[in-house]
Structure formats: C-alpha cells, structure tokens
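Residue indices begin at 1 and follow the sequence shown.
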Amino acid sequence: MRGSRSIEIWKMGAVNYLEALKLQEKLASDRKLHKITDTLLSLQHPPTYTLGKRRTIHNLLVPEADLKAMGAELHYTQRGGDVTFHGPRQAILYPIISLRDIGIGARKYVENLESTMVELASLYGVKACAGRTGETGVWVGERKIGAIGVRISCGITNHGLAFNIDPDLNYFKHIVPCGIPDKEVTSLQKEVKHMMIPCDQVIEEQLISCFLKIFGYTDISWRES
C-alpha cells in the first residue's frame, strides 16, 4: 500500500510576479535539500506577460513600451512553454514538489496538471481536454482555457499552471498565446455562458482539491498568507 503523501498549501491571494518567482526559487532550493515538504502555491498575479526559456519574442505582438502603458509587466523566465499572460481572475498553481518522491516523470507530471484543470472544468459541465501533440495546456474545443509552463531541476518542480476563471481576455490579443496561432482563448465564465460562477476563492479551492486528488496527496497542511 502506498504511504501518505504530504504537502503544504500556501493560499496567497494577489502576488507580484517577481515576488512569487523569488519565493519559488527559495522553496525549490529548500525542497532539494529536504528542508521542507512538497509545497503548493495558490495565487493570482497583476497583469503580467511572461516568456519561456526559448525567448520567442516574435509571439509578443506589441512593443514592450505598449505593455507598460496598459499597466502590464513583461518578464523573461526559465520555464518551458511560450509566451503567456497572467492576470486578475486567473487561478495559478505553482507546485514545488519532488517528482522522485512521488514516482512520476516529467511527461506524467504535465499530464497530471492538465487533468487537474480538466477535472475543475467538468465540475461546471464544461468538457475540456488536453491539447494535441505540440499544444500543451487544456482546451475547450479550439479554445484554450488553461496554460502550463513548468521547470524541473534535480527532480524538483516550479512554475506550473494557470486556469482562466474570468480574466479580461483582451490582454491575450497582444500575444500569440503559447505560440499557437489562430486559436482563441476562453474562460470558465465564458464557457458556462449565462450561469454565474462562484467567487474566485471558491474556484481556487476547487482547483487545489482537484490537484490533490490527481496527485494523490493525503496529508495536507495549510498556510494562509
């Protein structure tokens, strides 16, 4: 019988992107040294565009100065994936976990993140699925509802997933989201149409629950920031 899996969950609210990145790096370092258990950060960001380590700047469709004028930041990261947007009313999970300890590889890890968002969407009657080869993240038909960009070092993860609850989708018009042209971006609120979804906090807690179920964590502790 598999032993219990422990994780500490940090519910953080709105956090600046660089502040969250610095925290992830510190926690990942501590996890490598076995100073902490697996940790999951749950948060939202102010309007922020990020580029992955491939530096696909051509998928940013406006000058950086224009982003600043609209109140958005641009950051270059070491995660996988292409350009994406983070902003209010988007649920973000950053897992800092040891893949070796839970016995899965990188591909299965990404599949589990996709399954986490698929399961959340299903709670609201939205049929989502993982993307086809080369199309990471989670889709409702041809519309993307959830993005994934991860970094794995020495078997320890950081960065993670972003699920669109009800963000301002106009921000996505300034990029080729995740480097995939001619595809729409959608949100949970847009897909359920006239039904009002719960507040962000409820959906964030549901997303966490889906994550815990998919990854098999049973020993849960909480840290309110």
Give the minimum heavy-atom separation between [X] and [Y], together with the two atoms involved.
{"X": "W139", "Y": "K144", "value": "CE3-N, 3.6 Å"}
{"X": "A130", "Y": "V118", "value": "N-CG2, 4.2 Å"}
{"X": "I148", "Y": "V110", "value": "CD1-O, 3.9 Å"}
{"X": "K173", "Y": "L61", "value": "O-CD1, 3.8 Å"}
{"X": "C154", "Y": "K32", "value": "CB-CE, 4.2 Å"}
{"X": "E119", "Y": "I214", "value": "OE1-CD1, 4.0 Å"}

Any side-chain heavy atom of [X] sitting closer than 4.5 Å to one from [Y]?
{"X": "Y94", "Y": "L43", "answer": "yes"}
{"X": "M12", "Y": "L41", "answer": "yes"}
{"X": "R89", "Y": "Q189", "answer": "no"}
{"X": "I9", "Y": "I208", "answer": "yes"}
{"X": "K26", "Y": "K22", "answer": "no"}
{"X": "V185", "Y": "F85", "answer": "no"}
{"X": "S153", "Y": "I156", "answer": "no"}
{"X": "D200", "Y": "Q44", "answer": "yes"}

Within the 3.5 Å criterion, strictly below it, is a donor on T186 or E191 matched to an acceptor on the partner's side chain? yes

| message | Is it the case that the side chains of S187 and N164 hold a donor-acceptor pair, with the cut-off being a distance below 3.5 Å and no angle test? | response | no

Check D101 with R31, please: is the shortest side-chain N to carboxylate O separation under 4.0 Å? yes

message = Does this structure show an ion pair linking E114 with K108, if we count only N-O contacts that are shorter than 4.0 Å?
response = no

Using 0.5 Å steps for rounding, measure from the [atom1] atom of [X] to the [atom2] atom of [Y].
{"X": "F211", "Y": "I97", "atom1": "CZ", "atom2": "CD1", "answer": "4.5 Å"}
{"X": "I165", "Y": "L207", "atom1": "CD1", "atom2": "CG", "answer": "8.0 Å"}
{"X": "R223", "Y": "W10", "atom1": "CZ", "atom2": "CH2", "answer": "3.5 Å"}
{"X": "H159", "Y": "L93", "atom1": "NE2", "atom2": "CG", "answer": "14.5 Å"}
{"X": "E204", "Y": "L120", "atom1": "CD", "atom2": "CG", "answer": "10.5 Å"}
{"X": "T116", "Y": "E111", "atom1": "OG1", "atom2": "CD", "answer": "12.0 Å"}

*Pair N16-T48, side chain to side chain contact (heavy atoms under 4.5 Å, CB included): steps then yes or no*: CA-CA 9 Å; N16 176 272; T48 307; over 6 Å; no

### Task
Mark yes or no for whether S29, through its side chain, and E25, through its backbone, hold a donor-acceptor pair below 3.5 Å.
no

Original post:
Do H45 side-chain atoms and A14 backbone N/O form a donor-acceptor pair below 3.5 Å?
Top reply: no

Please check if [X] and [Y] belong to a single hydrophobic cluster, counting links between Ile, Leu, Val, Met, Phe, Trp and Tyr side chain heavy atoms closer than 4.5 Å.
{"X": "L27", "Y": "L33", "result": "no"}
{"X": "V202", "Y": "M196", "result": "no"}
{"X": "Y76", "Y": "V62", "result": "yes"}

Apply side chain to side chain donor-acceptor pair (under 3.5 Å) to residues Q206 and Y124 and explain how you reach the verdict. CA-CA 11 Å; Q206 291 170 333; Y124 294 89; 2.5 Å; yes

(message) Run I104 and F215 through side chain to side chain contact (heavy atoms under 4.5 Å, CB included) and show every step you take.
(response) CA-CA 10 Å; I104 64 174; F215 281 87; 4.0 Å; yes

Show, in sequence, the C-alpha distance, side-chain angles and deciding distance for E73 and L67, and conclude whether the side chain to side chain contact (heavy atoms under 4.5 Å, CB included) test is met. CA-CA 7 Å; E73 297 180 351; L67 301 183; over 6 Å; no

For S6 and D38: C-alpha separation, side-chain torsions, deciding distance, then whether side chain to side chain contact (heavy atoms under 4.5 Å, CB included) applies. CA-CA 7 Å; S6 300; D38 285 351; over 6 Å; no

Check: What class does the angle between the rings of H174 and Y49 fall in, given that below 30° is parallel, 30 to 60° is tilted and above 60° is perpendicular?
Finding: perpendicular

